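Whatever order the structure lists them in is the order used to number ligands and atoms, beginning at 1. Only a predicted model underlies this, so the values are computations on that prediction, with no experimental measurement involved.
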Amino acid sequence: MGGRVPRARLLIVSATALLAACTSSTTGSGSAPASSAAPSSSSPTPPPSSSAAPAPSSSAAPSSSPVTSASRPHRHRSSPPPPPPSSLPTGPLTVVLNPGHNGGNAAHTAQINRLVPAGYGVRKACDTTGTETNAGYPEHAFTWDVAQRVARILRGHGITVIMTRPDDTGVGPCVDERAAIGNRPGVAAVVSIHADGAPSSGHGFHVNQDSRRPDGATAAVARQSLALGRAEHAALEQTSGLVPSTYIGQDGYYYRDDLAGLNLATRPATFLELGNMRNAGDADLLSSPAGRARIAGAVADGILAFLSR
Ligand code: ZN
């Protein structure tokens with residue numbers, strides 16, 4: 001819709017619209033997204049086509065009422081303080097955070113396997129169960145916890161935060177619903193929060209960038225999405241405790257065209273894979289409250305840097 005987004009109207013949407021990256025079976029074994037082919041930064045190579053989701057079985061739609069507030073205690077952050085609120089653009093700022101998966105997904109396979117629009121005429125599964133560490137710490141719990149921490153920090157800066165799901169016990173919402181939340185008018189940024197389930201030898205974070213302009217997005221918004229991804233990459237590299245991925249993409253960036261959250265985004269959006277849950281070192285960091293506080297601080301720093309640019 002229309003031209004570039006007036007900075008004052010930008011809303012920060014975290015991880016909401018970009019789900020579906022970490023597909024995994026309901027048995028809990030994670031699966032890394034596609035191959036590890038590393039496209040050059042100058043000419044991103046589209047990723048392998050998305051795998052078809054199981055046959056649709058339309059049952060009741062997953063319940064999902066976005067929540068606009070959180071009250072989880074905030075842990076001390078180990079990262080440098082974010083820019084002061086005065087450096088942020090004036091006017092209302094709204095960010096959408098999209099914590100991947102949901103605690104009830106595994107028990108409702110019919111609902112999450114039904115096919116929904118994923119952009120460019122493709123249909124994908126409503127949602128997936130996500131991965132987990134070898135010790136059984138699930139991705140949905142990790143993404144929920146990190147998103148709550150990020151929200152707390154952002155709200156401390158006067159930013160309105162919208163979560164794509166209200167808790168960690170529900171089902172869905174579907175990837176297209178998450179995207180729609182991120183596309184609400186006035187949203188300045190959308191950040192999808194995930195962790196990967198790749199072979200244990202690899203570790204580190206990667207920022208998923210759309211290798212083509214999202215379906216329906218303006219060129220200006222597409223550029224802003226890339227800028228948001230770069231801001232997140234810089235912050236994660238500096239303070240998250242994670243390194244740029246050693247096993248996928250190129251220097252912590254992975255270009256692909258099969259993520260509904262990115263393909264459907266009409267607001268600035270990025271999709272983060274915050275470590276490999278199957279790697280022992282990353283799992284230690286992701287499984288500890290202190291580690292998650294550190295990662296969340298970096299994610300928040302990236303959002304604030306993007307909004308302050
Ligand atoms: Zn995931």
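None of His140, His101, Glu273 except one satisfies the side chain to side chain donor-acceptor pair (under 3.5 Å) rule with His194; the exception is His101.
Remark: side-chain polar atoms of Asp210 are not paired, donor with acceptor, to backbone N or O of Asp257 under 3.5 angstrom. Of the possible polar contacts, one joining the Arg165 side chain to the Asp167 backbone as a donor-acceptor pair under 3.5 Å is found.
Using the six-membered ring where Trp is involved, His233 and Tyr253 have ring planes that are parallel, under 30° apart on the 30 and 60° scheme.
Of all N, O or S atoms in His194, the one lying closest to the Zn ion (ligand 1) is ND1. Its N, O or S atom nearest to the Zn ion (ligand 1) is what matters here, and for His101 that atom is NE2.
In summary, Glu139 places an N/O/S atom under 2.8 Å from the Zn ion (ligand 1), meeting the contact criterion.
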